[in-house]
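Taking it in order: structure first as structure tokens, then the write-up.
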Amino acid sequence: MNEPDMETKTKIRWSEYNKEIANDKFFYLRSCIRQNFNPGAEKVFLSILQNKLGKEVYDDPHHTTCSGIGYHSDIVPFETFQTMVARQFSLMTERGYKNCAVSCITSFGGYNEVLSTWKEFPEELEKTRENLLKATGRTFEIPENLSHACDIIYKFRKEIAAQAPYRLINKETGEPLKIVDHIGCHYAKIFPEKGVGGSEYSRVLTGMIEAWGGEAVDYPERRHCCGFGFRHYLIKNNRSYSISASRKKFESMQPYQPDMILTNCPGCNMFLDRWQYALAQIEGKVYGGKNGIPVLSHEELAALVLGYDPWKDIGLQMHQMDVEPLLDKIGVEYDPKLKFTGVKGQYINEPEFTGCLARTD
Amino acid sequence: MNDLSFLKPASRQIDFDNFDDRLLLYVLQYEPSFFTCISCGGCTATCSAGNLTNFNVRKIGLWLRRGETEKLSEEIQKCMFCGKCTLVCPRDINIRNVILLIKKRIAMLKNENSPA
Amino acid sequence: MNNKHVAVIGGGIAGMEAASVLARQGLKVTLIEKQANTGGKLNDWDHLFPDFSSPEVLVNSLATKTKDSGVNTVYNTEISRIERAGKRFELRANQDARFYADAVLVASGFNVFDATIKEEYGYGLFGNVITSVDFEKRMKKHGQLHTIQGTDPKRVAIIHCVGSRDAKVGNTYCSKVCCITGIKQAIEISEMLPDCEVFCFYMDLRLYGSKFDSLYLQAQKRHKIQFIRGRLSEAAERADKSIQIKAEDTLQGRPLRMTVDMVILLVGMEPGASTSQLIQKNQMTVDENGFLKSANVHCARNQSTQEGIFMAGTAICPMAVNETIENARSATTEIIHFFENRRP
């Protein structure tokens, strides 16, 4: 048989594809965006793992940014990026862990890119080992399993459902809540085999929605980028590109009147939340809900159904879009007056207004 | 309130669901041979104007099909009506007439749009 | 030569044509068909390109020819092994049936590409995404094309090269007949529903047949079919069950979005499911595309790499109906030469 001139792929149905997700003993790698804009999300993720699922997870104060945003903006060279990633792995090795739990989608894609590079080009791994040793005196092992935080929530979605006092069901009507998902591009578009269900039909978020009683709504621009795109956003002149991409998504989901948007990426979460406000200011248009569509991440939604306090535990007051309509539909008990109070009950200040447009009433 | 005017939400995408077909329908009515264009580019290769400027006759046809009226009205000014494109067309389209019809229709639309 | 026995595997048009020609030459011929009737995939087809003729007429005339020439046709029998037994061949079937032959002709045909593998096109997920095979079946059964909502489609997109020329699904070859099938189906839709806009999304239009280009011209001129050079990247269902598709308009160099009521995927041909079984226990091999390999692509197209086993039709490579029949006839010539040149 002649060798074909083109490399061909195996015929697999990605929607049936399952990836390996570690079961326990995670080394946590935080997200720059998530811990700055939605710090409650990461805190409550650790709590879910430790207190609800009985898992061991280590949150190392010595770890740094992965520098992925700098790498994707052509500021940090790939060599430096590899060394940064190697340092995270060396912290993991030092603490005796073998499984990484990654909070950020950019980092997740970056770690996978580095691991894949080391596999394909072993000389790069050797060079990185050398660089890290020279710079820090550290050595490292390659992790046995690298999962995104959403993979872990997905893996234990049924256990979470079993413990959850709330379901994603409209308390008034008894109908399942209509939820649209948005998967961060770097979750599976770079390496489809690293995503639950591959890249076209990632099941990672819809699996949670369905396990917790909601209805996952497919919308035409589901696979489209949120528009963050690093250099598209980081340079002010390019931000029209970024917001145009988000608008395309909002227009596409609008006819389905979703009750919320579920994301797995910290960047997407922020942009889908904040751009709704910006578009309302520019065009005077609100794409859903009374004053915008709530945007939650996988940890935040898991925490919500598990009965964590929306303000004190999950920090949902950090979102521009009001989450109260969603809380009311689910029937979550909360005190509206405590929205802008901190963990110790102190007033933490508040924005001029929340949602898309200032209420006139 | 922050000034967000520097953000201009728009798309480069060709939106087939909302396109202006007023030029296209007019051209097809009077020069139905245009239907058979296969974008081979023979016209562009022989075009006198295209040898001197970045004028592209093949793209005129494409823009016409996609309803890009604004782009067309500027670009069409570069044609010198020599008719060489019509001579080489393998589908025997009267391209010269297509260009004439576009010009004519654009002028009509301008009159329609301007206040009496 | 008259006492020689030829077993023909597959009762599609190639098998029927070859069997009847061989029988008329005085050979003993057994035609073995896995289904309950002959005709193969053409039994589901409504009209043929390029003349819009009925495949039923063709299949019936071949069946009559086969019967009249004295071919022994065996139904519901699927051959799983062809083994050499001395100078002859032993053929084993699924239910322990055995056949013996001096020469074998494999006319086992092709498989239709399973469009659910191309997941981003939404076949099997969205009711308004169908294949070219579904189109023919519907037209044959109902004589009309409706959306899943029961309405007349106002805009239809026909997608070329689905499962062909696509390394992602493991098929890098061209299935050859899809381009002209798409144009034929576009014309049929336009004749049936004059208000319906039809778009063909293509990478290259490969209209190799002598009458194919005139059909292309006719599609543009008379039926206003629009051709967009760009490969579909994804299809997604909208709230009203219409389908949003995305492609690049490559001639403009810009992305394009369009909402259509129906999408028709022109699915390609793949090697027959039984091919991998049939090449076991003998010297037959497959080519780089997985179809049965010819001893020589120019002068021994119908000879397999196992002496005494011949091939005809789409078991060799994708072919149109008329080519398949010509190819079947050429196979019979090779078989007759084989017997004539063979020392007793």
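In what follows, every chain begins at residue 1, and chains take the letters A, B, ... in the order their sequences are listed.
Only the side chain of A:Arg223 has a heavy atom closer than 4.5 Å to any heavy atom of chain C. Heavy-atom distances place no part of C:Asp240 under 4.5 Å from chain A, backbone and side chain included. For C:Ile243, no part lies under 4.5 angstrom from a heavy atom of chain A.
For C:Lys281, the NZ atom counts as loosely surrounded, since its 6.0 Å shell holds 12 or fewer non-hydrogen atoms of other residues, nucleotides or ligands. In this structure, A:Glu20 places its CD atom where only 12 or fewer heavy-atom neighbours from other residues, nucleotides or ligands lie under 6.0 Å away. The neighbour count for A:Glu283 CD, taken as heavy atoms of other residues, nucleotides or ligands under 6.0 Å away, is above 12. Sparse packing is recorded around OH of A:Tyr241, with 12 or fewer heavy atoms of other residues, nucleotides or ligands lying under 6.0 Å away. Atom CD of C:Glu307 has 12 or fewer neighbouring heavy atoms from other residues, nucleotides or ligands inside a 6.0 Å radius.
Each of C:Glu237, C:Arg238, C:Lys246 was checked for a side-chain contact (heavy atoms from CB on, under 4.5 Å) with A:Pro220, and the lone residue meeting it is C:Arg238.
Between A:Glu221 and C:Arg257 the shortest side-chain heavy-atom distance falls below 4.5 Å.
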(request) Tell me, with the steps shown, if A:Glu16 and C:Glu119 meet side-chain contact (heavy atoms from CB on, under 4.5 Å). (result) CA-CA 11 Å; A:Glu16 293 161 12; C:Glu119 290 177 305; over 6 Å; no
